[in-house]
Amino acid sequence: MRSTVETHRMSGFPVARVTGVVLLLLALVIAAFLHLSLGAKEIDWMTVWHALFDYNTADMDQVIIRESRQARLIVSVVVGASLALAGVMMQAISSNPLADPGLLGINSGAAFFVVASLLFFPMFGQGYVPVFAFLGAAFAALLVMMLSGWEQGSERLVLAGVVVTALFSAMTAILLLIDQQGLEKVRHWLTGAIGASDLKKLHWVYPYLICAMVGCFALVRSLNAFHLGERVAASLGVNVLLLKVSGLALVVVLSGCVVTVAGPIGFVGLVVPHVARLLVRNSYAWLFIYSLLIGTLLLILSDIAARVVLSPYEINTGIITAFVGSPVFIALVLGRMK
Amino acid sequence: MFKQLAVVCVGLVGLSLQAKEVQTFENEYGKVEVPVAPECVVSLHDFSLTIQLFELGVQPCGSVARKRLWSDPIFRGVQHRFNTEGLTYVGSHKSPDEEAIAVLEPDLIVGLSFQSKFKAKLDQIAPVVILPTKKKTIKEWARQLAELTGKSDRFEDQQKEYDWIISEFKRLVPEPEKITVTTLEIYEDNFQLIGRGGLDEVIADMGLGRPQGYLDAKQGINYSLERISDMDADIIIDTYEPMLDSREDTEDFRNSAQWKNLFAVKNDQFLYLNRSRYGDSMGGLIGSAYLLLSHVAERDFKKQ
């Protein structure tokens with residue numbers, strides 16, 4: 001432990017890591033410009049520039065950028081960052097590289113509760129959607145934890161997640177079946193639809209999101225200690241149970257917010273922490289920063305792909321992230337089996 | 001005693017069969033033996049067939065409808081125009097309830113082109129006639145339905161009224177092709193080019209033009225709202241569905257600069273109609289034709 005701490009102190013200013021962050025930010029800016037210029041209608045970069053810094057409401061292309069694509073970009077950024085942080089936190093507190101809010105049924109639980117609330121409690125306004133999403137995410141998380149047991153072996157945790165995901169997906173399917181007419185528009189949202197989202201939905205959840213993101217960074221010291229093992233963490237004064245509970249609560253809030261805004265989008269929380277760990281290993285502060293940037297980048301690129309790959313058809317962003325994430329998940333499982 | 005009863009029963013069955021005179025109906029989907037005067041017709045589509053049956057003066061005994069949990073079925077486009085008492089709900093148009101249909105003991109079942117897949121099963125209950133709603137116009141398949149139910153006279157009246165509206169329109173608007181019309185449905189994050197209630201058929205019959213963006217695009221595709229300016233026209237017609245709160249769901253877009261900058265919107269030439277007001281029926285054609293006659297031929301408006 002002492003040697004690790006000394007190594008950190010001696011390293012001084014982390015040039016490589018800061019450079020990495022700058023490069024990622026640069027990539028993000030380019031991706032954001034691409035996001036604003038590509039889509040159902042091709043718009044040149046100069047128009048994008050004018051729309052951002054010299055807005056003319058009479059120019060229809062500039063209006064599209066300001067009224068439609070800008071909002072979509074902001075939603076992509078927030079969703080990507082939230083899912084990435086949730087993934088890092090989930091993997092950290094479960095000490096399991098396969099943990100992800102999507103794979104562990106948390107997103108499915110949130111989605112089921114939202115769909116059920118629309119069906120059974122239509123009297124509650126849409127402002128209550130985040131509440132039901134949080135309840136569903138929390139219920140699913142507790143269910144997975146109970147099924148996987150206190151020790152939470154990797155395989156058992158993933159199996160429990162698969163079971164809970166299947167359970168909530170089946171229950172959602174039943175609801176859709178018994179009220180086909182009323183829940184028609186929910187089908188689209190259930191596969192992760194950034195396009196169907198808007199700033200209004202983001203407005204419902206941003207206070208919770210900000211708190212949860214700050215909360216993640218507040219737990220960095222404890223997570224760094226926990227990374228060395230539960231006993232070491234306890235000996236360093238970390239309340240392991242409190243850490244796990246608060247970490248899980250943060251995952252629930254982050255996932256619930258994402259489901260509220262854009263529906264259940266899977267695999268981002270799985271893929272991003274692994275990519276980030278290729279660049280940074282020891283510090284959760286850096287892991288959070290890198291994951292946040294990579295998650296944002298991944299979501300922006302996925303949303304671009306969703307709009308241009310099958311143009312003029314537009315596919316849901318959640319389908320693209322599943323295409324990206326599934327091979328990574330298979331590779332991780334095969335790697336563990338070896 | 002049993003022998004006598006059996007003879008009486010066979011006799012009664014024979015009499016009832018004799019009473020039901022049958023005819024052979026033939027269309028694109030083959031030949032079907034159907035009763036000349038069907039007493040219990042089941043419709044597999046509320047928004048087109050059920051409405052057209054009522055318009056012809058035939059009260060169907062069963063029809064598919066739209067059903068939400070814990071609410072009564074809604075026969076879309078039907079119940080605000082006709083008395084639906086005695087009309088039994090028989091499932092949805094995507095999955096008709098075979099048992100509910102069988103209980104009615106119908107002597108004729110009518111369906112749409114896409115429902116030909118149900119024919120084999122439903123044929124065991126009653127003769128099934130599929131009408132070519134996909135390839136033929138409303139006028140053409142409605143004529144077939146009228147022949148099938150023995151109501152050709154009523155159909156001819158409808159056809160006559162419709163033809164008059166079209167001829168009146170053409171008399172008042174000498175160059176209709178120079179007026180462009182876009183029919184669409186705007187949803188929360190996309191739109192489709194579609195004109196229900198026979199609107200597209202009426203526009204074609206009136207000879208009205210379409211904007212280039214509309215001609216280049218395809219029907220049945222959900223386009224991004226970013227493409228809306230490509231569809232700008234002299235007149236834009238959108239519809240809202242009260243059952244689905246679509247008016248409220250799309251309000252933000254209609255308040256956007258993207259929408260307000262459209263020529264048709266700027267010049268108050270945007271028509272926002274109830275999607276279920278007129279069905280895909282002859283009555284729908286007539287209603288839509290009167291609407292266009294009033295909004296295009298009987299008022300001043302600007303061209304792009």
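In the text below, chain A, chain B and the rest are named by the order of the sequence lines, each starting its count at 1.
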Between B:S256 and A:E67 the two heavy atoms that sit nearest each other are CB-OE1, 2.9 Å
Is the number of heavy atoms from other residues, nucleotides or ligands within 6.0 Å of OH (A:Y128) greater than 12?
no
Near A:Y208 OH, under 6.0 Å, is it more than 12 heavy atoms from other residues, nucleotides or ligands?
no
Enclosure of B:Y272 OH (heavy-atom neighbours >12, cutoff 6.0 Å)
yes
Would you give the length of the straight line joining atom CD1 of B:I228 to atom CD1 of A:I64, rounded to the nearest 0.5 angstrom?
10.0 Å
Can you establish whether the number of heavy atoms outside A:H203 located under 6.0 Å from its atom NE2 is more than 12?
no
Heavy-atom distance under 4.5 Å between the side chains of A:R307 and B:E226, does that happen here?
yes
Other residues, nucleotides and ligands only: do more than 12 of their heavy atoms fall within 6.0 Å of OH on A:Y313?
no
Heavy-atom closest contact (A:T57 atom, B:N261 atom, distance):
O-ND2, 3.1 Å
In terms of heavy-atom proximity below 4.5 Å to chain B, should A:I43 be classed as side chain, backbone, both, or neither?
neither
For the CZ atom of B:R227 and the NZ atom of A:K41, what is their distance to the nearest 0.5 Å?
8.0 Å
B:E248 atom CD: more than 12 heavy-atom contacts under 6.0 Å:
yes
Interchain contact, B:E188 with chain A, by part (heavy-atom threshold 4.5 Å):
side chain
May I have the step-by-step check of side chain to side chain contact (heavy atoms under 4.5 Å, CB included) for A:E314 and B:N190, ending in yes or no?
CA-CA 9 Å; A:E314 199 170 291; B:N190 57 61; over 6 Å; no
